[in-house]
Colleague: 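Structure provided below as structure tokens; questions to follow.
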Amino acid sequence: MRSVPAIVFLVVSATLSVTLAQSVPLYGQCGGSTYTGSTTCSQGVCTFVNDWYSQCVPGTVNPPSSTNPPSSTNPPSTATSNPPSNTGAAPSLPTSFRWSSSGPLISPKNDSRSLAGVKDPSVVYHNGRWHVFATTAKSNNWGLFYTNFTNWSQAASAPFFYLDQSGIGTGYRAAPQILYFAPQKLWYLIYQNNNAAYSTNPDISNPRGWTAPKTFYSRTPRIIEQNIGSGYWVDMWAICDASLCHLFSSDDNGHLYRSQTTLANFPNGFNEPVIALQDSKNMLFEASNVYRYADNGYLLLVEAIGSDGKRWFRSWTSSSISGTWKALAAEESNAFMRSNNVAFPSGTTQWTRDMGS
Ligand SMILES: *[C@@H]1O[C@H](CO)[C@@H](O)[C@H](O)[C@H]1NC(C)=O
Ligand SMILES: *[C@@H]1O[C@H](CO)[C@@H](O)[C@H](O)[C@H]1NC(C)=O
Ligand SMILES: *[C@@H]1O[C@H](CO)[C@@H](O)[C@H](O)[C@H]1NC(C)=O
């Protein structure tokens, strides 16, 4: 229910360079069980985060000690089964950002759906392919589609699979998040349907394999009803740590909500949400994303509506998902992503000033 359907996706070259560059930039992916790209960091050290993800983080490589035996039989020393500490500061990240935009990458097809736009992409790279889940928009009619390709140069021509052809079915569904839940060996597609919904699938490449929608809550949580005003309950986002899974959502009215359940109970048992962050309606609008970085850092992005009426992203960090969020780049003059820090290289028209999803 994001109210401004962007006609096409913004995908920034900073993201693409993670897989295309010869060596990996700071904070890029440099390893993981399904990762096939470069494992050499152009800056920093390639650090194990989990079985699926290693990342270039600031630091220097320790010189190998000639007296120690090779460590290949030991588990990686940064692997952790403990919950991240709630007390320490989050690992530092850059505090200002500059982006470079490609042209439009994926647009509505010329087909009987006659879509007005496609938006809200959630993207994973798995088994050598990019898998994209996104929203279809047509007047006040929202749905989901899936597409996949090996190279972004093929994104525009890859066919769409409209997910109403799967168990997900027809009706209001929007703002997907694709998530692999390793303990159950299942993919979860999380989306809004007037509640916080999910479908599961053991095989991400089988778009007919998604189950019928189930919801994380039996009804709209009371705290949301009490705070939503004339907004909408939208944009659910799940992320787990070593012991808990957390579900974020927004109300288009200045509130970011979070609720939790145990890893063992997921997807059941989410408790009554709390307000994780609060601001004016436009400064904390919707589209929250929470990512883990390094060993114990979490990055929160939330979309705002700017003084110029255009969308932009603010950012915060925390050392725990349930912790206090500290502003990182959260002002119009120092945004995480806004029209004033996104460049359109020559040959690329400035096709949007809305830096949203
Ligand atoms: C889609 O169809 C319209 C006419 O209905 C045409 O003008 C346009 O070029 C077509 N676009 C593509 C990408 O085929
Ligand atoms: C992707 O396609 C582009 C353009 O055709 C090409 O230059 C690039 O090498 C391809 N990347 C990979 C990883 O194959
Ligand atoms: C790619 O997407 C199509 C649907 O457009 C699907 O049928 C196919 O199985 C997918 N392939 C892979 C390898 O994911």
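Side-chain atoms are counted along with the backbone in the values below, which use heavy atoms only and exclude waters and symmetry mates. Every number for a ligand or one of its atoms is a count from 1 in the order of the listing.
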Colleague: Within the structure, does Asn206 bring an N/O atom to less than 3.5 angstrom of an N/O atom in ligand 3?
Modeller: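 The answer is no, given that Asn206 and ligand 3 share no N or O pair closer than 3.5 Å.
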
Colleague: Are any of the side-chain nitrogens in Asp279 or Arg314 under 4.0 Å away from the carboxylate oxygens of its partner?
Modeller: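 A salt bridge is present here (some side-chain N lies under 4.0 Å from a carboxylate O).
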
Colleague: Does the Cys245 SG fall under 2.5 Å from that of Cys240?
Modeller: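 Yes, Cys240 links to Cys245 through a disulfide.
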
Colleague: Under 4.5 Å between any side-chain heavy atoms of Glu303 and Ser357, yes or no?
Modeller: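 With C-beta onward as the side chain, the pair touches.
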
Colleague: If you have a sec, work out which protein heavy atom is nearest atom 8 (C) of ligand 3 and how many Å separate them, to one decimal?
Modeller: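 Here the nearest protein heavy atom works out to Ser205 O, 3.7 Å.
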
Colleague: Quick one: which ligand 3 atoms are inside 4.0 Å of a heavy atom on Arg129?
Modeller: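 Counting atoms of ligand 3 from 1, those under 4.0 Å from Arg129 are 12 (C), 13 (C), 14 (O).
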
Colleague: In terms of relative ring orientation, are Trp325 and Phe248 parallel, tilted or perpendicular, with 30° and 60° separating the classes?
Modeller: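 Rings of Trp325 and Phe248: perpendicular, over 60°.
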
Colleague: So is His131 touching ligand 3 or not, going by heavy atoms under 4.0 Å?
Modeller: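 Yes; His131 lies near enough to ligand 3 that a heavy-atom distance drops under 4.0 Å.
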
Colleague: Return the closest protein heavy atom for atom 5 (O) of ligand 3 as residue, atom name and distance.
Modeller: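 Here the nearest protein heavy atom works out to Pro159 O, 3.8 Å.
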
Colleague: Are Leu163 and Phe133 side-chain neighbours, meaning at least one heavy-atom pair lies under 4.5 Å?
Modeller: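 Result yes, sub-4.5 Å side-chain heavy-atom pair found.
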
Colleague: Taking 4.0 angstrom as the limit and counting only heavy atoms of Asn148, give me the atoms of ligand 3 inside it, by number and element.
Modeller: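 Answer for ligand 3: 1 (C), 2 (O), 3 (C), 8 (C), 10 (C), 11 (N), 12 (C), 14 (O).
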
Colleague: Within the structure, is a non-hydrogen atom of Phe149 found at a distance of less than 4.0 Å from ligand 3?
Modeller: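 It does not, in that no heavy atom of Phe149 comes within the 4.0 Å cut-off of ligand 3.
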
Colleague: Taking the six-membered ring for Trp, are Phe97 and Trp99 parallel (under 30°), tilted (30 to 60°) or perpendicular (over 60°)?
Modeller: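 Ring orientation of Phe97 relative to Trp99: parallel.
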
Colleague: List the closest protein heavy-atom neighbour of atom 4 (C) of ligand 3: residue, atom name, distance to the nearest 0.1 Å.
Modeller: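 It is Phe161 CB, 3.9 Å.
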
